[in-house]
Structure formats: structure tokens, C-alpha cells
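Structure first, then comments.
Values below: all heavy atoms of this structure, side chains included; hydrogens, waters and symmetry mates excluded. Protein chains get the first letters and strands the later ones, always in sequence-line order, with residue 1 at the start of each.
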2 protein chains.
Amino acid sequence: MKGSYSIGDLARETGVKATTIRWYESEGLMPAPSRTPGGQRAYGRAHLERLGFIRHARELGFAMPTIRSLLDLAAEPERDCAAAHAAATEQMAAIDAKLRQLKALRAELARLAKACAGGRVSDCLIIETLADHRHGHCADKNHGR
Amino acid sequence: MKGSYSIGDLARETGVKATTIRWYESEGLMPAPSRTPGGQRAYGRAHLERLGFIRHARELGFAMPTIRSLLDLAAEPERDCAAAHAAATEQMAAIDAKLRQLKALRAELARLAKACAGGRVSDCLIIETLADHRHGHCADKNHGR
DNA sequence: CTTGAACCTCCAGCCGCTAGAGGTTGCATA
DNA sequence: TATGCAACCTCTAGCGGCTGGAGGTTCAAG
């Protein structure tokens, strides 16, 4: 009922590490809270909620600039939520692209793993395939980031 | 037929950027090539093949330490390829995990996007869901990396 | 001989944190 | 009240896997 949380309290409540919370503050995602006389951060309920918002958005895979605009949006209830809808749709498209790419990788890996049942490296299809410079440029280049 | 490639030649042949090739060299993944009298890198066919190997492995999503060991393995044809098989299997498992996680995210995003058909922010399910601190800790925490 | 594209080195930055060093504060217990 | 120790503070550097730029040099074609 005291309405004040230490950074550790926030961390426990939201599952976001204290170091990460400080980092969010330094990046301007979280507002700087008031301090105790000794200089330790003292948060209020609003901070707790904002941090929860950020965490949920991160869990959905939103990038930080997107989260910034979602936070801005949430602060103005009168505005149209089209931007939020667009962000969700874009994020979905990005995930779809990644899913397609990962599925292709998985299939290729399964093929390789199946074709190599042990034995000497010189007979190993995995190594052979990797080493084959005639192997096509078939895979998506934009993965991994 | 001259058997010598500039870094740009290698880049064209493999689709790996010249800067990246230099970076591979600095990391020890590519051996330092000989140089022209003027100091420019002069590669041979072995370099071309090694770079192709690295690229294929990257396309399959292998991490660089794994690629290092695969390269070592490829250099010793008498050894058993079990390690290569294990690497492929592990990589597959990692991809499976990521696929599961992305599918869950996608489903959640689809739900949100569908439930918000425009209108004011104060009625927007997307914003509302993000802001709801009672929202579960359901999503996998280890995504994004 | 003159262009200008390709090459060189070195350094900084991307994202989203994470960890560690080295020091200070806050709270519970004796 | 003293003490101990967990939690806090700031600052800095590092992760992976590159990428881009500044500022200068070399190479090959015309």
C-alpha cells in the first residue's frame, strides 16, 4: 500500500531484470523514477504498468522503435488505433517470412541428417554438401537477423 | 586459368561481401591469403572452396563456432562424421524450437489483429492487451536470439 | 599518363540486452 | 546501536555476425 517499488520489486513483478530496466531508462523507454534520499530508484504503479506493456510487446517480437510508438499511442486514447493494427500486421508478415525461411532450412537439414548415418567424413553427405561449390544460391540471404 | 582471385572475385563467386571476407579472415575462419606486391589479397581455389563451405553452413543457420568445427572435420576425411551429424541434428532442434515459438507468436498476433478493426485507441484490443498486467507469462522468453 | 574502380586499414555502429568491477544504501537481526 | 549482507548504484565492455564509412593506395583500361 506504500505505492513505491524498488527496481528489484519491479523486476520480480514483471520478470524483467533490473539491469534491463535501467537500460530501458537510459534508452528513454522507461521514464526516470524518483529516488530515495540515498539515490535508489523508487517506482510507482504507472511505471509497473508501463514496464508490463513493454514486456508484452517484446514477447510478441516488436522491435523497440515500434514499442516506442505503441507506447505513445497508448498514451492518447482518443487517437485512431490504425497504427497499432498496422504494427501488428507488419509484425505478422515479418514472422511469416521467418517461418517460411526456417521451414526451408529445417527441411534441408533433415535431408542432410537423414542421408548421413555415420561413417567416415569423406563419405559424409553433410560435409560433402557444404563443400560443394556447385550448390545453389537457393536459400534466403536475409536470415539470422 | 591464372589461379588467383582478388577479394572482389571471391565476393562475386560466392555472394559473400568483401568486407565480410576480410572479417572472416580477422576471425580466423578464412586463412590469410598471399598478397600482390601492392598488398592486395590474392586468393587461390582452396580459398574459394572454403568460403563456399562457410557460406553454405551459414545459410543453414549454423553458428560460427559450429562452422569452425565442421571446417576442421572436413579437413580430416578419415575421421568419423558423427560430429557433423550431431551438429545438423542440434541445429534442427534449435530451428524446431524457434518454429514453435514463432508459430505461437503468429497466432497471438493474428488474434489481436483480427480483434481490432480500427477505431479509437481506448477501444483497441491490441493496446489493451499489451497494457493488461494480468496478461500471462505465456510466451517463451528465449526468443529473438 | 590519367582516370576511376577496386582495394587497403582502422574504427564505430547495429540490436537488445548482459555481466562485471568497484562502491554505496537499506533493512533485519543481535 | 552496531553489524552484516543483500540489494542497490554507476560505468564500461562484450555478445554475434556482420556492415558502413573515412581516408588513403593500387591496379588496369584507354
Just to confirm, is there a sub-4.0 Å distance from OP1 or OP2 of C:dG16 to any side-chain nitrogen or oxygen of A:Y24? no

What's the CD1-C1' distance between A:I7 and D:dA7, to the nearest Å? 11 Å

Here the distance between atom C1' of C:dG16 and atom CG of A:L29, to the nearest Å, is 11 Å

Round to a whole Å and report the spacing from CZ of A:R58 to P of C:dC15. 12 Å

Between D:dT19, C:dC7, C:dT18, which nucleotide gets closest to the side-chain atoms of B:Q40? C:dC7

So A:F62, base contact, sugar-phosphate only, or nothing? Heavy-atom distance under 4.0 Å. nothing

So, OP1 or OP2 of C:dT25: does either fall under 4.0 Å of a side-chain N or O from A:T36? no

Using a cut-off of strictly less than 4.0 Å, decide whether B:S6 has a side-chain nitrogen or oxygen near OP1 or OP2 of C:dA6. no

Go nucleotide by nucleotide along DNA chain C from the 5' end; which of B:A18 and A:K17 gets its closest nucleotide reached first? B:A18

Please confirm whether the shortest side-chain N or O distance from A:R22 to OP1 or OP2 of D:dC9 is below 4.0 Å. yes

Less than 3.5 Å apart, any donor N or O on the side chain of A:R45 or A:Y5 sitting next to an acceptor on the other? yes

State whether the side chain of A:H56 and the backbone N or O of B:D132 hold a donor-acceptor pair below 3.5 Å, judged by distance alone. yes

If I take atom CG in residue B:D9 and atom P in nucleotide C:dA5, what distance separates them, rounded to the nearest angstrom? 17 Å

Please give me the minimum heavy-atom distance between B:L73 and B:A83, naming the atom from each residue. CD2-CB, 4.0 Å

From CZ of A:R12 across to C1' of D:dC8 the rounded distance in Å is 12 Å

Considering all heavy atoms, the nearest B:P33-B:Y43 contact: CG-CE2, 3.4 Å

Taking all heavy atoms of A:L102 and all of B:L102, pick out the closest pair and write down the distance. CD1-CD1, 3.8 Å

Distance test, side-chain N/O of B:R35 to OP1/OP2 of C:dT9, below 4.0 Å: yes

Side-chain N,O (A:R41) to OP1/OP2 (D:dC8) below 4.0 Å: no

By nearest-heavy-atom nucleotide on DNA chain D, the more 5' of B:A63 and B:G39 is B:A63

Atom-pair distance (CH2 on A:W23; C1' on C:dC17), nearest Å: 6 Å

Under 4.0 Å between a side-chain N/O of B:T20 and OP1 or OP2 of D:dG17, yes or no? no

Between C1' of D:dG17 and CG of B:L51, the distance in whole Å: 15 Å

Can you identify which nucleotide, out of C:dA19, C:dC7, D:dT19, has its nearest atom closest to the A:T19 side chain? C:dA19

At their closest point, which heavy atom of B:R68 faces which heavy atom of B:E27, and how far apart are they? NH1-O, 3.0 Å

Among C:dT9, D:dC18, D:dC9, find the nucleotide with the atom closest to the side chain of B:M64. D:dC18

Euclidean distance, atom CD1 of residue B:I21 to atom P of D:dG17 [Å, nearest integer]: 18 Å

